Q: 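Starting off with a structure, shown below.
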Amino acid sequence: MIKIKYCVDVDRSVLISNFEKREWIHVGPEDEWNFYWTSIQTCRCLFNADKNYRLKDNQIINHFPNHYELGRKDLLIRNIRRYRREMLKSGTPIAKCIRGTFLYLDFIPTTYVLPVDYHLFLEEYHRNPSTWIVKPCGKSQGAGIFLIDKLSQLKKWSKKKKYPRNSSITKETYIISRYIENPLLISGKKFDLRLYVLVTSFHPLKAYLFKFGFCRFCSVKYNSHVTDINCLFAHLTNVSVQKEGDDYNSIHGGKWPTKNLKLYLASTRGEERTQKLFDDISWIIIHSLKAVRSVMSHDTHCFECYGYDIIVDQNLKPWLIEVNSSPSLTCTTSSDQLLKSKLIDSIVSVVLPPSGIPNCRWDKNPSPESLVNFDVLIDELQ
Ligand SMILES: Nc1ncnc2c1ncn2[C@@H]1O[C@H](COP(=O)(O)OP(=O)(O)OP(=O)(O)O)[C@@H](O)[C@H]1O
């Protein structure tokens, strides 16, 4: 039996224990690997045009070369804006738009890229001030994020400079999004949903939703802090932020499986509304993927597991907050360990052909058994 040679350079434990269980052989990046689970930085180097590196048929890798079209905050916004324009032009009913608001494609909070869109943001701010959240595009885990409710807090960008629209990402590139002020609260606390989506191909689009996501709760009640925009423990659900707070619970890590959320919602809002919420979430994910499809690589060596962050508001409307191309595989609790181990195992089962050996020429039609932990979001060939 041929043994798969794997290479890995991120969050190792949950990955390595899975690969070892499969009796795969660990090799270095310079060796003849079949399966590479890499960081986005290494992936960027590997697919760098100057390197002229060609993958063989029996090599597969866990990122698409231009994963950032979905995973970078400013590009996600630009791709969704372009997708809406294209849909509107094509006259499809899902692009229905009334007084500038899309009825069905309004799933991302109004967002501008700073500094280039500063003046567009100003116009919107004067129409409807409210609270906004500012996030650096080049950082993650809540780093550098702050909330504003006055223009004076944005002094840095107010100088009348001209910025080229196509300037690339710098340390100074931010996005500013309308803050969702009415999140659904459970026991008075804000939470968001972390869901995992496996994409095995963008052409045709094949995407699967992992059945076991979770909610990440703030440790401080939202109600009393809603006016205190500086209390990040009430506003940002990132575990990396919450961990620093006095009220963080390291046993459950402020996490709840989505199964608990479904049960809670079914008992408080009814089965039908709960089902609609989860259908709407699937719909958002499918359209976010369709929004980037035209710019995504056709490379059949690639698959990708995206971490979707969704906030649900009090009307049970889901909002897409962010898509992570490299969702954390670090385990903060024992249930985390179980969930992430199951995630990796399920992904590997789907991306390997029945022969068990990576093959980029395989038609990527996984068996029903290998899809047991996923819901099919879209498979354009089926
Ligand atoms: N528009 C919004 N309205 C309300 N809350 C928001 C909004 N955008 C972000 N948040 C909160 O801020 C948190 C951090 O935002 P986001 O996930 O975009 O940043 P990040 O630093 O890139 O995090 P990650 O580590 O997940 O990549 C979210 O988990 C959410 O709780």
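Here the structure is a predicted model, which is why all the values come from computation and not from measurement. Counting starts at 1 for both ligands and their atoms, following the listed order.
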Q: Against heavy atoms of Ile311, which atoms of ligand 1 measure under 4.0 Å?
A: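 Heavy-atom distances to Ile311 below 4.0 Å select 4 (C), 5 (N), 6 (C), 30 (C).
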Q: Which of the numbered atoms in ligand 1 are below 4.0 angstrom from a heavy atom of Ile145?
A: 14 (C), 15 (O), 19 (O), 21 (O)
Q: Using a strict cut-off of 4.0 Å, indicate which atoms of ligand 1 neighbour a heavy atom of Asp309.
A: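 Those of ligand 1 that fall under 4.0 Å from Asp309 are 17 (O), 26 (O).
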Q: Verify the ring-centre separation between Trp256 and Phe217: is it less than 6.0 angstrom?
A: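 Yes.
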Q: So does Arg127 pair up with Glu124, basic N to acidic O under 4.0 Å?
A: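 A salt bridge is present here (some side-chain N lies under 4.0 Å from a carboxylate O).
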Q: Counting only pairs under 3.5 Å, give me each side-chain donor-acceptor contact of residues 132-144, with atom names and distances, residues two or more places apart or in other chains.
A:
residue: Trp132; atom: NE1; partner: Pro129; partner atom: O; Å: 2.5

Q: Looking just at side-chain N and O atoms, do Thr332 and Lys255 make a donor-acceptor pair shorter than 3.5 Å?
A: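 Thr332 vs Lys255: donor-acceptor pair found between side chains.
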Q: Which of the listed options, Asp313, Leu76, Asn238, Ile133, holds the heavy atom that is closest to atom 13 (C) of ligand 1?
A: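 Residue with the shortest heavy-atom distance to the ligand atom: Asn238.
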Q: In plain terms, say whether Asp117 and Arg81 are close enough for a salt bridge, that is, a side-chain N and a carboxylate O under 4.0 Å apart.
A: yes
Q: Would you say Arg178 has any N or O atom under 3.5 Å from an N or O of ligand 1, going by distance alone?
A: yes
Q: Please classify the Gln141 to ligand 1 contact at 4.0 Å (heavy-atom distances, strictly less than): side chain, backbone, both or neither.
A: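 Both the backbone and the side chain of Gln141 come within reach of ligand 1.
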Q: I want to know if ligand 1 touches Arg216 in the polar sense, i.e. an N/O pair below 3.5 angstrom.
A: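 There is no such contact.
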Q: Ring centroids only, cut at 6.0 angstrom: are Phe35 and Trp24 within range, meaning strictly under it?
A: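 Judged by ring-centre distance (under 6.0 Å), Phe35 and Trp24 do meet the cut-off.
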Q: Ile180 to ligand 1: N or O pair under 3.5 Å?
A: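 Among all N and O atoms of Ile180, at least one is under 3.5 Å from an N or O of ligand 1.
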Q: Any idea which of Lys73, Arg194, Lys139, Lys135 brings a heavy atom closest to atom 8 (N) of ligand 1?
A: Lys135
Q: Taking N or O atoms only and a 3.5 Å limit, does Gly142 qualify as a polar contact for ligand 1?
A: yes
Q: Output the list of atoms in ligand 1 that are nearer than 4.0 Å to some heavy atom of His235, sorted by atom number.
A: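 Every atom of ligand 1 under 4.0 Å from some heavy atom of His235: 11 (C), 31 (O).
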Q: For ligand 1, which atoms, with element, lie under 4.0 Å from some heavy atom of Pro109?
A: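 This gives 1 (N) as the contact atoms.
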Q: Touching ligand 1 at all, Glu181? Heavy atoms, strictly under 4.0 Å?
A: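 Flag not set, Glu181 not near ligand 1.
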Q: Using the rule given for side-chain hydrogen bond (donor to acceptor under 3.5 Å, both in side chains), can you reason through Ser288 versus Tyr308, listing the C-alpha separation, both sets of side-chain angles and the distance that settles it, and then say yes or no?
A: CA-CA 10 Å; Ser288 66; Tyr308 270 74; 2.7 Å; yes
Q: Checking Ser346 now: which residues fulfil side chain to side chain donor-acceptor pair (under 3.5 Å) with it, not counting sequence neighbours?
A: Asn373
Q: Enumerate the atoms of ligand 1 whose separation from the nearest heavy atom of Ile321 is less than 4.0 angstrom.
A: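 Result: 2 (C), 7 (C), 8 (N), 9 (C), 18 (O).
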Q: Could you check whether His63 and Phe47 have their ring centres less than 6.0 Å apart?
A: no
Q: Is the shortest N/O to N/O distance between Tyr179 and ligand 1 below 3.5 Å?
A: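 No, there is no polar N/O contact under 3.5 Å.
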Q: Above 12 or not: heavy atoms from other molecules or residues under 6.0 Å from CD of Glu86?
A: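 Atom CD in Glu86 is packed in, count exceeds 12.
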Q: When you look for heavy atoms under 4.0 Å from ligand 1, do you find them on the side chain of Ser140, its backbone, both, or neither?
A: both
Q: Between Leu236, Thr237, Asn324, which one has a non-hydrogen atom sitting closest to atom 12 (O) of ligand 1?
A: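 That would be Leu236.
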Q: Output yes when Asp31 and Lys5 qualify as a salt bridge under the 4.0 Å nitrogen-oxygen rule, no when they do not.
A: no
Q: Does only the side chain of Lys190 get under 4.0 Å from ligand 1, or the backbone, or both, or neither? Count heavy atoms.
A: side chain
Q: Decide, yes or no, whether a salt bridge links Lys276 with Glu272 under the criterion of side-chain N to carboxylate O below 4.0 Å.
A: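 Glu272 and Lys276: not salt-bridged.
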Q: Considering only the protein, which heavy-atom contact is closest to atom 17 (O) of ligand 1, and what is its distance?
A: Glu322 OE1, 3.0 Å
